Amino acid sequence: MATYSFRLNGRSVSADSWDAAQPLLYVLRNQFALHGVKFGCGLGQCGACTVLMDGRAVRSCTTPMSLAAGRAITTIEGLGTAQKPDRVQAAFIAEQAAQCGYCTSGMIMASAAFLTQTPKPTRDQVKQGLAGNLCRCGTHTRILRAVLRASRA
Amino acid sequence: MITPILSRRDLLKTGGALVVGFAFDAALPRWTWAQTPAAGGHAGKPLDPSEVDSFLAIHPDGTVTLYSGKVDVGTGLRIAVAQMAAEELGIQAERITVVDGDTGVCPDQGGTGGSTGLTRGGVEVRQAAATARQALLALGATRLGRPAAELTIVDGEVRPLAGGAGVGVGTLIGDRRFSLKVDSKAPIREPARYGVVGKPLPRPDMPDKCTGHHVYVHDFTLPGMLHARVIRPAAIGAKLVSVDDSSVRGIPGVRVVRLENFLAVVASDEWAAVSAARALKATWTEWQGLQGSDGLERWTRAAALDRDQAVVNRGDALAALGGGAKRLSATYFWPFQSHASLGPSCAVADVRGDGSATIWSASQGTHGLRSNLSKVFGLSPDKVRVVFLDGSGSYGTNGGDHAAADAVLLSKTLGQPVRVQWMRQDETGWDPKGPQQLLDVQAALDANGRIVAWDTQMWLPAQAPGGRALLAADAAGLPQDHGQGAGLLTQNGDPPYQADNVRVLVHWVKDTPLQLSNLRAPGKVANVFAVESFTDELAAAARVDPVAFRLGRLTDQRAIDVLNRAAQTFGWQPRPSPSPQARQGRMLVGRGIAYVRYKQTENYVAMAMEVAVDPASGRIDVRRVACAHDCGLIVNPDALKNQIEGSIVQTISRTLHEEVTFDRSRVTSVDWASYPILRFPEAPQVDVVLIDRPDQPLLGAGEAATAPVAAALANAIFDATGVRLRTVPFTLQRMKAALSAGSTA
Ligand code: FES
Ligand code: FES
């Protein structure tokens, strides 16, 4: 059992794992009860598990603990709260940009990272920027509006 | 490591071999507490749908709890039902909380399917609220010393209509029972005076869903809970020969559970369970009972039939076919498709030694699931409670009920609470599928373009009555009936247009290669694809503009209105298809329209679409969609638009990309690479126009906008290219092949 230390939503934390290859996703969900991080495929194909690692969007389902050690991880819970949402969350709420909402955490995290890189995107740029995130409910129209709204906030 | 190998008789008899006791109610998180049997004053409340108290409780502080048997699967049902009740009760929707799909506290209102969430679910709650209103007015009359007829309820207070002091509903009834039968004659509020129904109120789940705090079934935990992964066979009908436990010896805390052909691993650490499921060496028998998805259309046409059934028979279509001036025929095919929920199914079960069981599930039919699970696992239904928790969007019956069965079987066997999380390949590979559909359509036009004959023949899987067979029970050798329900598949096989002689003949096919269930707009999605594509073929043959062709054969004003509104919103230029000027640079651009009256009795939807086709690659780009939608009275226009937009985009995905593939042994489309869906770069601009009809009954809206999508797309492709695609999905290869064949494909 090895111990991995990292920063999580602004705090210094450590987690034990019997397997250095254990994906960050399971540690976040089961050891820190950060359930906003969603399991969609475990294959890096859908983006539901997206978190920020040192400010960049990564897929926590394919990020082993050994790689997360020493990094700063931000999950959806670290952005803001229902009472005090950050600008991307606020824009998603304002646009009612979810149906089941299972993809939403990943969308918001991917959008947050994307907007850091591209603060004033066009609609087409947002479409390309979110190409790796799937939404089965077909909420794309609203998600695009939300990201553009956030970019103006 | 223990490998319990129980006989099926042991399992049914003992209710689990290793029962470990623990305190169920201790240390549950707050949101768990709200869902436990004794919580929040729900205990002992009536469940009978004829009782007002079954549907609602008004608390001392004037807040309200509604109990809905129908569930919110990301559709906005909770806010819509709250609005409907708020309107009757005179209480702000914000003060209303909806508890949905918990069989312990919610009345059975039937499964959440076929767009009945509001038409049945909401309407029943509304009638209970209307009955409660009368009771509150009567209580207020006594308290205020005025006749009830002089009172109203506003903002949660019974007040004199003439003004003056009122009394809060919480004071009048606060947590006491109404003890009243739902009065079917209790007056409903006048639509003209609606203040809450019709407002785009935000959905209450949104803030938590956007901040990571909304609780999905995937997030639910119990003390002492084990994580499980079920190992499905390499071939659908394979039997388990042997398991090599030593293959998972290095993984901490893992137990292997084998019950005949049911194989699972459990561990208190989830990653240990995932790792063990991957590492476990098991030998299965060979099985090659499938014919493969290649050539499925041919297989379907040649398949043994259960029976033929004429579901529509007006006049003599066959005789009239010969009499027309112009006769056309075409064949359309829709493949097996998966619900492909973004989050694989999950369930938690806690089966106790005393035979009681609680199951947390995202099932769209928790009451039905309870009776099915009880029957199959030998539990007494009154001791089984299924609690709904949100899941990933399911669009019908995805793998969720099977995951619940997995969890029950394991919890019963191990005597501990068990969480079963399916992996990606389980969900896409093993969810029950929407069936393949084959349709032959023929029609005859007379010299004036009048449809004198229309004949649709459809090949559909025969549906057996009874509970849907659960994978876990079959694998464990537990007897169960093998019901097969995929929804009402035959509707909308006839044209919604004036036609003199019409027949719709169903060929019910005996067997189905894959297990089936209802998938959004079951049957209708392909029937309307065929009927509305074929209508377009008739319009083209008659050299008439596709909108004008439809309008000329409709008399229902609501139908005419949606077509006109869709055309207008789109900026439709009338002319026959194909387009004489399709080329824009290297792209071919065209537009198409389709119309449906859902189930021939429900919503009116018309949809126009613009597509650009790249003839070099075969790529189809849906640029924009304009949809006009009439579902009668609108409860929440924004939540409604969200549903319609979703139906459109999801069905574009189904039309362009989705096909379940299988070889002779198993489903081979098992992840997002082998079962691709639409991605953001393909997301079109979507404009939805709602036509509100407050004087008309409300209709469900979870499915209707699904139905015309594929035809609108195919019709737009025809307009752009002069080539017609009649087989879904419209892949690059199919588009290119059709273009190089130069005609129809
Ligand atoms: S769950 Fe990580 S990409 Fe799908
Ligand atoms: S909102 Fe359901 S998957 Fe995106």
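Fair warning: this is a prediction, and the values are worked out from it, not measured in the lab. Chain letters run A, B, ... following the sequence lines, proteins first and then strands; every chain starts at 1. Values reported hereafter were calculated over all heavy atoms of this structure, with side chains retained and with hydrogens, waters and symmetry mates removed.
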Checklist line | Which portion of A:Tyr26 sits near chain B, non-hydrogen atoms under 4.5 angstrom | finding: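 Looking at A:Tyr26, just its side chain touches chain B.
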Discussion item. Just to verify, which of A:Gln83, A:Gln89, A:Glu77 counts as forming a side-chain contact (heavy atoms from CB on, under 4.5 Å) with B:Thr211?
Written reply: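 Answer to the side-chain contact (heavy atoms from CB on, under 4.5 Å) test with B:Thr211 among A:Gln83, A:Gln89, A:Glu77: A:Gln89.
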Heavy atoms, side chains only, cut-off 4.5 Å: are [X] and [Y] in contact?
X	Y	result
B:Val686	A:His140	no
B:Glu645	A:Arg142	yes
B:Lys641	A:Thr141	no

Could you list the residues that satisfy side chain to side chain contact (heavy atoms under 4.5 Å, CB included) with A:Thr118, not counting sequence neighbours?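 Once residues adjacent in sequence are excluded, the partners of A:Thr118 under the side chain to side chain contact (heavy atoms under 4.5 Å, CB included) criterion are A:Phe114, A:Pro121, A:Gln125.
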Residues of residues 96-108 of chain A contacting chain B, heavy-atom criterion under 4.5 Å, by residue number
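Near chain B, by residue number: A:Gln96, A:Ala97, A:Ala98, A:Gln99, A:Cys100, A:Gly101, A:Tyr102, A:Cys103, A:Thr104, A:Ser105, A:Met107, A:Ile108.
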Would you say NZ of A:Lys84 has more than 12 non-hydrogen atoms from neighbouring residues, nucleotides or ligands within 6.0 angstrom?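 Not buried by this count: 12 neighbours or fewer within 6.0 Å.
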By side-chain hydrogen bond (donor to acceptor under 3.5 Å, both in side chains) - contacts of A:Arg7 (at least two apart):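 In terms of side-chain hydrogen bond (donor to acceptor under 3.5 Å, both in side chains), with neighbours along the sequence ignored, A:Arg7 is linked to A:Ser12.
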| task | Look at the side chain of B:Arg424 and the backbone N and O of A:Gly40, then say whether any donor-acceptor pair between them is shorter than 3.5 Å. | result |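 Yes.
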**Request:** Look only at the side chain of B:Arg679 and the backbone of A:Lys127, and say whether a donor-acceptor pair between them is shorter than 3.5 Å.
**Result:**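 Pair absent, no side-chain N/O of B:Arg679 close to backbone of A:Lys127.
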Q) Between B:Phe680 and A:Leu130, what is the shortest heavy-atom contact and its length? A)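 Looks like CD1-O, 3.4 Å.
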Which of [options] touches chain A most, by non-hydrogen pairs under 4.5 Å:
options	value
B:Ser647, B:Ala639, B:Ala272	B:Ala272
B:Thr428, B:Asp638, B:Asp208, B:Val73	B:Asp638
B:Ser275, B:Cys346, B:Ala340, B:Ser341	B:Ala340
B:Ser394, B:Pro207, B:Pro681	B:Pro681
B:Pro684, B:Pro200, B:Pro252	B:Pro252

Can you list everything that forms a ring pair (Phe, Tyr, Trp, His ring centres under 6.0 Å) with B:His339? Sequence neighbours excluded, please.
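B:His339: no ring pair (Phe, Tyr, Trp, His ring centres under 6.0 Å) contacts found.
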Under 4.5 Å from a heavy atom of chain A, the part of [X] involved:
X	value
B:Gln421	side chain
B:Asp72	neither
B:Ile648	neither

Query raised in the report: Among A:Thr139, A:Asp19, A:Ile76, A:Leu43, who wins on heavy-atom pairs under 4.5 Å with chain B?
Result: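 Heavy-atom pairs under 4.5 Å are most numerous for A:Ile76.
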Would you compute the distance between atom CD of B:Glu270 and atom CD of A:Gln31 and round it to the nearest 0.5 angstrom?
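Between B:Glu270 CD and A:Gln31 CD, I get 11.5 Å after rounding to 0.5 Å.
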Working to the nearest 0.5 Å, report the span between CZ of A:Phe39 and NE2 of B:His218.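 One finds 9.0 Å between CZ of A:Phe39 and NE2 of B:His218.
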* Under 4.0 Å between a Lys/Arg side-chain N and an Asp/Glu carboxylate O for B:Glu658 and A:Arg136? ->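 Answer for the salt bridge query: yes.
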